[in-house]
Amino acid sequence: MGSCCSSMNEVAMGVGITAANLAVLKNGRGEAVYSSMLEALCEVLDCQVGDLLRWEPGAPG
């Protein structure tokens with residue numbers, strides 16, 4: 001994580017979602033991720049979208 005946040009709770013608060021919803025995304029169980037959420041995550045974590053997403057061939061969805 002970026003230097004701004006030391007916990008999942010801080011990241012969730014910075015993005016404006018619950019820690020439970022952030023955990024769902026982190027564990028790859030999220031159904032949808034909006035561009036506004038990706039933008040907020042990148043801002044809070046000081047990263048690029050490609051740092052957050054990974055494509056896995058043959059993965060469901």
Side-chain angles (χ1 to χ4, degrees):
M1 278 188 280
S3 60
C4 69
C5 306
S6 60
S7 73
M8 292 279 289
N9 286 333
E10 289 176 332
V11 172
M13 285 177 33
V15 173
I17 61 174
T18 66
N21 283 339
L22 183 60
V24 166
L25 293 173
K26 180 181 176 280
N27 294 322
R29 297 185 317 246
E31 296 289 320
V33 180
Y34 297 100
S35 59
S36 59
M37 185 180 299
L38 284 174
E39 183 179 345
L41 281 166
C42 288
E43 186 174 327
V44 168
L45 297 173
D46 189 29
C47 67
Q48 297 294 312
V49 173
D51 297 326
L52 301 175
L53 301 177
R54 175 179 64 215
W55 179 71
E56 295 180 6

Novice: So Leu45 and Leu52, do their side chains get closer than 4.5 Å, heavy atoms only?
Specialist: yes

Novice: Check the pair Asp51 / Gln48 against side-chain contact (heavy atoms from CB on, under 4.5 Å), numbers first and verdict last.
Specialist: CA-CA 5 Å; Asp51 297 326; Gln48 297 294 312; 3.7 Å; yes

Novice: Are Tyr34 and Val44 connected in a single hydrophobic cluster, I mean Ile/Leu/Val/Met/Phe/Trp/Tyr linked by side-chain heavy atoms less than 4.5 Å apart?
Specialist: no

Novice: Do other residues, nucleotides or ligands put more than 12 heavy atoms under 6.0 Å from Met13 CE?
Specialist: no

Novice: Kindly compute the distance separating CD1 (Ile17) from CG (Leu25), expressed to the nearest 0.5 Å.
Specialist: 5.5 Å

Novice: Measure the OG1-CE distance between Thr18 and Met8 for me, rounded to the nearest 0.5 Å.
Specialist: 10.0 Å

Novice: Counting only heavy atoms not in Arg29 (residues, nucleotides, ligands), do more than 12 fall under 6.0 Å from its CZ?
Specialist: yes

Novice: Might you work through the side-chain contact (heavy atoms from CB on, under 4.5 Å) test for Val11 and Leu41, ending with a clear yes or no?
Specialist: CA-CA 8 Å; Val11 172; Leu41 281 166; 4.0 Å; yes

Novice: Rounded to the nearest 0.5 Å, what separation is found between the CG atom of Asn27 and the CG atom of Leu22?
Specialist: 9.0 Å

